[in-house]
Amino acid sequence: MDVWSESLLQWFWKVKRDLPWRKTKNPYAIWISEVMLQQTQVKTVIPYYLAFLERFPTVQSLAQAELEEVLEMWRGLGYYSRARHLWEGARFILDNSDGKFPEHYEGLLKIPGVGEYTAGAIASIAFGERVPAIDGNVNRVLARILAWEEPTGRVKSRRFFREVLEDCQPSDYPGDFNQALMELGATLCAPKIVKCEDCPLNRACAAHELAQELAFPVKQGQQRVTESLRLTLVLRKGDRFLINKRPAEGLLANLWEFPGEEIFQQDRKAWAEQTWPAAVAEFFENAHSVVLDTKVWYELYQRVIWDRVQDQNVWYQLEQHLKVKGPLYHVFSHRRWEMYWIVLDCSEELQPQEGMRWVSREELEKIAFPVAFQKVLIQEL
DNA sequence: AAGGCGGGGCT
DNA sequence: AGCCCAGCCTT
């Protein structure tokens, strides 16, 4: 339970819509409403819910009805297996527990047609059990709050979302908490329209921070291609180039590169404010002012090359004629580099720096030097 | 992991 | 007219 859960609950209690199934704690009625609400909008469900409960007010009455009659009440709602499951479920409850409604998540899960979501909704709303109820709304809200880069249907996403909710679901109002998340997804955090200014979680929301609310949740097969700037230093000393060994993990792990840094477009500004001096940060508002700024390249040089012997020489070269090459684009499966580079002529040998070496063009052909950097090399030969 | 299930809303 | 939405069950 954290401060956000509290804000969320307060918001929910203030704005929640007055819906028929919110007037009851009867697990049977909640069950009917939850099943009807699967893939079906609130507005459509209301008249069906009222008529259904009128005709079948109890588990017993539903279990004893003919399937034909249940289907008739369902006519027009769609997904008719839901109606059949409901009827089978009622019979299941009568057969297995003598008409007593299961009171816990695990028991509810055994009812035909009741999956993780519906079991969680009934358990938390009707019985106050502290279990999540993750439907499409909740998935969308969480994907945005976390700026989650994978489709919500993945096993990994589902496991992680459950962990997150385990941490913040309050034990005193678990049902209202679940409903609050769903209400948020239905009213303020809709698929195509967001009203972040009214959202109680806006300051905790990573997608909002990035101004990328609608980019989440990512869809299957629409794996995010992360756009980034790749700034590269081509240091030459005669016929030799300075190369650097990349980290053992991540993109192009353990391969060689021309030294430089990757700047993610998505969070360019936030990154700049944290990483670079404030005076430079303003230039990150626009990618092209970044790559054309002498100070940016000088900062980059100082960050990447530890040896300070040539600072003056480098600054002189940059100030006299900053010649930025590029853009040159390179596409990986999940990332796209917009590459810019500068060439610096080094008069003096740099102190050997861990992971870096001077190599000739012939040597470059024999080592693991990724295509992206070969493209740069070719332009310089 | 992917497909089928039915309507309604949005473009 | 055609795409998107999305729990549960089945394969």
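All chains are named by letter (A, B, ...) in the order of the sequence lines, taking the proteins before the strands, and each is independently numbered beginning at 1.
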Student: Take atom CG of Leu108(A) and atom C1' of dG7(C), then tell me their distance rounded to the nearest Å.
Tutor: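 These atoms are roughly 16 Å apart.
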Student: Rounded at 0.5 Å granularity, tell me how far CZ in Arg82(A) sits from CH2 in Trp74(A).
Tutor: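 It is 5.0 Å, given to the nearest 0.5 Å.
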Student: With respect to the side chain of Arg154(A), which nucleotide from dG8(B), dG7(B), dA1(B) is positioned closest?
Tutor: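 When the side chain of Arg154(A) is considered, dA1(B) is the closest of dG8(B), dG7(B), dA1(B).
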Student: Taking the side chain as every heavy atom from C-beta outward, state whether Trp297(A) and Leu233(A) have any atom pair closer than 4.5 Å.
Tutor: yes
Student: Roughly, in whole Å, what's the span from CG in Leu214(A) to P in dT11(B)?
Tutor: 12 Å
Student: Nearest-Å distance, OH (Tyr117(A)) to P (dG7(C))?
Tutor: 7 Å
Student: Give the nucleotide from the list dG8(B), dC5(C), dG7(C) with an atom nearest to the side chain of Thr44(A).
Tutor: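 The closest nucleotide is dG8(B).
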Student: With a 4.0 Å cut-off on heavy atoms, is Arg75(A) in touch with a base, just the backbone sugar-phosphate, or nothing at all?
Tutor: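 Nothing, no nucleic acid heavy atom in range.
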Student: Let's test your reading of the pairing rules: Watson-Crick or G-U wobble, both distances under 3.5 Å, then write DNA chain C as a dot-bracket string with ( ), [ ], | and dots.
Tutor: |||||.|||||
Student: Mind checking Gln39(A) for me? I need base, sugar-phosphate or nothing, with any heavy atom below 4.0 Å counting as a touch.
Tutor: base
Student: Across the strands shown, which category fits Asp135(A) at heavy-atom distances under 4.0 angstrom: base, sugar-phosphate, nothing?
Tutor: sugar-phosphate
Student: With a 4.5 Å limit on heavy-atom distance, are the side chains of Lys237(A) and Leu242(A) in contact?
Tutor: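 No, too far: nothing below the 4.5 Å cut-off.
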Student: Taking atom P of dG7(B) as reference, at what distance in whole Å does atom CD of Gln41(A) sit?
Tutor: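 Interatomic distance, CD of Gln41(A) to P of dG7(B): 15 Å.
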Student: Going from CD1 on Ile125(A) to CE on Met182(A), what distance comes out if it is rounded to the nearest 0.5 angstrom?
Tutor: 5.0 Å
Student: Is there a side-chain contact between Leu165(A) and Leu181(A), using heavy atoms and a 4.5 Å cut-off?
Tutor: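 A side-chain contact exists here, since the closest heavy-atom pair is under 4.5 Å.
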Student: Write down the distance between CZ (Arg82(A)) and C1' (dC8(C)), rounded to a whole number of angstrom.
Tutor: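 Spelled out: CZ on Arg82(A) to C1' on dC8(C) is 10 Å.
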Student: Can you tell me how far P of dC9(C) sits from CD of Glu88(A), to the nearest Å?
Tutor: 10 Å
Student: Using a 4.0 Å cut-off on heavy atoms, which residues in residues 187-194 of chain A reach DNA chain B? List them by number, or say none.
Tutor: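 Within this stretch, nothing sits under 4.0 Å of the strand.
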Student: Is the distance between the ring centroids of Trp256(A) and Phe373(A) less than 6.0 Å?
Tutor: no
Student: When all nucleic acid strands are considered with a 4.0 Å heavy-atom cut-off, which category describes Tyr79(A): base, sugar-phosphate, or nothing?
Tutor: base
Student: Please report, rounded to the nearest Å, how far the C1' atom of dC9(C) is from the CD atom of Glu116(A).
Tutor: 13 Å
Student: Touch check for Gly153(A), heavy atoms < 4.0 angstrom, all strands: base, sugar-phosphate only, or nothing?
Tutor: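 No contact.
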Student: Determine the Euclidean distance between corresponding P atoms of dT11(B) and dA6(C); express it in Å to zero decimal places.
Tutor: 15 Å
Student: Which whole number of Å gives the distance between the P atom of dG6(B) and that of dT11(C)?
Tutor: 16 Å
Student: Report yes if some heavy atom in the side chain of Lys16(A) is under 4.5 Å from a heavy atom in the side chain of Arg22(A); otherwise report no.
Tutor: yes
Student: Who are the side-chain contact (heavy atoms from CB on, under 4.5 Å) partners of Leu381(A), not counting sequence neighbours?
Tutor: Phe241(A), Arg361(A), Leu377(A)
Student: Any idea which of dA1(B), dA6(C), dG6(B) is nearest the Arg140(A) side chain?
Tutor: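 Within the option list, the nearest is dA6(C).
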Student: Below 6.0 angstrom between ring centroids: does that apply to Tyr301(A) and Trp315(A)?
Tutor: no
Student: Would you mind reading off the distance between Lys110(A) atom NZ and dC8(C) atom C1', rounded to a whole angstrom?
Tutor: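 The distance from NZ of Lys110(A) to C1' of dC8(C) comes to 17 Å, rounded to the nearest Å.
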Student: Among the candidates dC8(C), dG6(B), dG9(B), find the nucleotide nearest to the side-chain atoms of Gln38(A).
Tutor: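 That would be dC8(C).
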Student: Side chains of Phe101(A) and Leu108(A): closer than 4.5 Å at any heavy-atom pair?
Tutor: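 Contact flag for Phe101(A)/Leu108(A) side chains = yes.
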Student: Look at all strands and tell whether Val114(A) reaches a base, only sugar-phosphate, or nothing, counting heavy atoms closer than 4.0 Å.
Tutor: sugar-phosphate
Student: When you check the phosphate oxygens OP1 and OP2 of dG4(B), does a side-chain N or O of Ser81(A) lie under 4.0 Å from one of them?
Tutor: no
Student: Quick check, are the ring centers of Tyr49(A) and Trp21(A) under 6.0 angstrom apart?
Tutor: yes
